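As a basis for the values below, the full set of heavy atoms in this structure was taken, side chains included, without hydrogen atoms, waters or symmetry mates. Here, residue 1 is the first one in the sequence, and each next residue gets the next number. All values reported here derive from a predicted model rather than from experimental measurement.
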Amino acid sequence: MGKKRVMTPAKDVDLSSTKYKREVVQAPHLTGFVFRLFVRIIEAPLIGPIIMNILKKENKMDEILRHTVIPEEPMFKPEYPPQEMEPGVVVLEEDGRPEDRVESALKCLPHYDVAELWENSSASFRYWKIRDYAHAYRSRKVTPSMVAERIISIIEDNGRNKPPTPLLISFDAAEVREQAAASTQRFEAGNPLSILDGIFMAIKDDIDCYPHPSKGATTWMHEVRTVKEDAVCVSRLRTCGVIFIGKANMHELGMGTTGNNPNYGTTRNPHAPDRYTGGSSSGPAAIVASGLCSAALGTDGGGSVRIPSSLCGVVGFKTTYGRTSMEGSLCDSGTVEIIGPIASTVEDVLLVYSAMLGASPANRISLKPSPPCLPSLSSNDNSNALGSLRIGKYTPWFNDVHSTEISDKCDEALNLLSKAHGCEMIEIVIPELLEMRTAHVVSIGSECLCSLNPDCEDGKGVNLTYDTRTSLALFRSFTAADYVAAQCIRRRSMYYHLEIFKKVDVIVTPTTGMTAPIIPPSALKSGETDMQTTGWLR
């Protein structure tokens, strides 16, 4: 019998007969000398492709991409489905001033008495929300310059830690002081730009934030790409008075989920320094989780905002593709990457998102996105806005975790949500998850390789970390036909999700299938390859 198989058209698939299959990534976990030797072998002209073909076969990639007839036409870029405006939302003006959008977002939030909370709080540690800082500044209890000195002191002390816990790749104390002084003057004059004025943020090292270079946590990217201005998202936040402390550490070029980086040192989890933060936005998540900044910006194409946020106990938001502009980032030409906010609370994510949102002109033409909107949570009429929420849960997938403690805790949260607000829980089925994951790897990998090929051909590839070189070796094994097949699977997956969202409002699942992994000491110098852990984290 031949290898060929033919998929049933997505519209004809019987979801009731779908059986969940647990898939474990088949790949070695390597560190140290063995890892370095492995990379040299897979980069070799003859034996390297053979090894990659074996690994792809063991993980059913060839079966899915090359032996299967996929009846759907390809979807080369995400598409916005027709969407009606929901009740109880506030529409934000994309072409308006960022300060005005932030003000609209602020009005959506429920009442918050900062002074009363401070008087009655006995907690030994509490994250300051953006509204806490705004109250402190306006009441003259503290100034942005005072906060800046505290942050600068911590960052400089952090640089002397043993073992190293590098949060930032690029930092200039004088530049931070200059921004803070300008914000302090605005408050003294009674003219803050917005509630974000004086709020400190870190920017992931693959997003432009002038005058800092954007290295993508490599040792050479700044040599071939000059930063002349802020990324669009950063510029919008700066207009609101945000103070940027520098460029945050990350997994090199975003090609990993742990945050490991031999170039500048691996960022440690603030809650357990012997463990990873998760990646690739490791620095942004660790900075927020440590309480150093209220928020940070990361990039996310396959979990790079959500994974570290989850492992560090903060909130990460991957926006809908195209909702925020990617102009001014290293990953501005793909079809899966976004720039997203990380903060200690959902409220602060909402405020930062409202400032930075706005599709690029090209995406407005091609995607035709619906107007951005926020839920109105401020009035009594919307006090139980969650009550009508229909929550979709695919139980076998939900429970497929490294430890049942994770799914148990998530179930407790869902039960609490249901009891407190009366949310409806609906069992759903999401078919072809392995096919979806495979299509994602091919899509993001091919797009990443395309952007890096010119520099790799110029000899820069050998200066990348062994971890990144392993990923690139895999990506080079993909063909144009593989990429087209992946886009056909993307359309199937979009069809399934559109059908699911006719029945539910959200799909809920543990963000990661495991807690923060312990950092192997042998991985600090040369990195590691651990695709099984990547599978659990994604």
Short side-chain to backbone donor-acceptor contact, [X] and [Y], under 3.5 Å:
X	Y	value
Ser493	Ile489	yes
Asn269	Asp274	no
Ser446	Ser443	no
Asn249	Leu167	no
Asp482	Phe478	no
Arg469	Asn463	no
Tyr264	Thr218	yes
Thr68	Ile70	no
Thr345	Asp348	yes
Arg275	Ala516	yes

Checklist entry - Which pairs pass ring pair (Phe, Tyr, Trp, His ring centres under 6.0 Å) with one or both residues in residues 44-74, sequence neighbours excluded? => result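 Non-adjacent pairs meeting ring pair (Phe, Tyr, Trp, His ring centres under 6.0 Å): zero.
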
Looking at [X] and [Y], what are the two nearest heavy atoms and their distance?
X	Y	value
Ala486	Ala439	O-CB, 3.5 Å
Val176	Phe200	CG1-CE2, 4.2 Å
Tyr276	Pro520	OH-CD, 3.8 Å

For [Y], is there an ion pair with [X] - N to carboxylate O distance below 4.0 angstrom?
X	Y	result
Lys460	Glu223	yes
Asp95	Arg101	no
Arg177	Asp172	no
Lys60	Glu432	no
Lys368	Glu79	no
Glu63	Lys3	no

Among residues at least two apart in sequence or on other chains, which ones pass side chain to side chain contact (heavy atoms under 4.5 Å, CB included) with [X]?
X	answer
Ala355	Val102, Leu196, Leu237, Cys240
Tyr20	Arg22, Tyr394, Pro396, Trp397, Asp400, Leu433, Arg437
Asp458	none
Val462	none

Regarding [X] and [Y], is there a side-chain donor-to-acceptor distance under 3.5 Å anywhere?
X	Y	result
Thr465	Glu252	yes
Thr266	Asn261	no
His212	Ser170	yes
Tyr496	Arg492	yes
Tyr466	Glu528	no
Ser304	Ser281	no
Asn263	Thr219	no
His29	Gln532	no
Asn363	Lys77	yes
Ser360	Ser325	no

Got a sec, which residues hit salt bridge (Lys or Arg N to Asp or Glu O under 4.0 Å) with [X], two or more places apart in sequence or on another chain?
X	result
Asp300	Arg306
Glu337	none
Lys247	Asp205
Asp332	none

Next on the checklist: Taking the side chain as everything from C-beta on, heavy atoms only, tell me whether Thr438 gets closer than 4.5 Å to Leu65.
Outcome noted: yes

Checklist entry - Taking C-beta and beyond as the side chain, do His251 and Thr258 meet within less than 4.5 Å on heavy atoms? => result yes

With sequence neighbours left out, what residues match [X] under ring pair (Phe, Tyr, Trp, His ring centres under 6.0 Å)?
X	result
Phe317	Tyr353
His402	Trp536
Phe398	none

Quick check: are there more than 12 heavy atoms from other residues, nucleotides or ligands sitting under 6.0 Å from [atom1] of [X]?
X	atom1	result
Arg225	CZ	yes
Phe38	CZ	yes
Ile47	CD1	no
Glu178	CD	no
Glu229	CD	no

Item to check | Nearest-0.5 Å distance, OG1 of residue Thr299 to NZ of residue Lys204 | outcome: 3.0 Å

Checklist entry - Roughly how far apart are Leu367 CG and Ser370 OG, rounded to 0.5 Å? => result 10.5 Å

Next on the checklist: Test side-chain contact (heavy atoms from CB on, under 4.5 Å) on Ile245 and Cys293; report intermediate values, then the result.
Outcome noted: CA-CA 9 Å; Ile245 67 168; Cys293 288; 3.5 Å; yes

Next on the checklist: Show, in sequence, the C-alpha distance, side-chain angles and deciding distance for Ile342 and Val314, and conclude whether the side-chain contact (heavy atoms from CB on, under 4.5 Å) test is met.
Outcome noted: CA-CA 7 Å; Ile342 297 173; Val314 292; 3.8 Å; yes

Checklist entry - When you look at Thr335 and Arg490, which way does the side chain to side chain donor-acceptor pair (under 3.5 Å) test go after all the steps? => result CA-CA 11 Å; Thr335 64; Arg490 175 185 273 187; 3.0 Å; yes

Next on the checklist: One pair to check against side-chain contact (heavy atoms from CB on, under 4.5 Å): Thr533 and Met531. What are the steps and the verdict?
Outcome noted: CA-CA 5 Å; Thr533 293; Met531 292 299 179; over 6 Å; no

Item to check | Worked verdict on Met221 versus Leu253 for side-chain contact (heavy atoms from CB on, under 4.5 Å) | outcome: CA-CA 10 Å; Met221 183 62 73; Leu253 294 174; 4.0 Å; yes

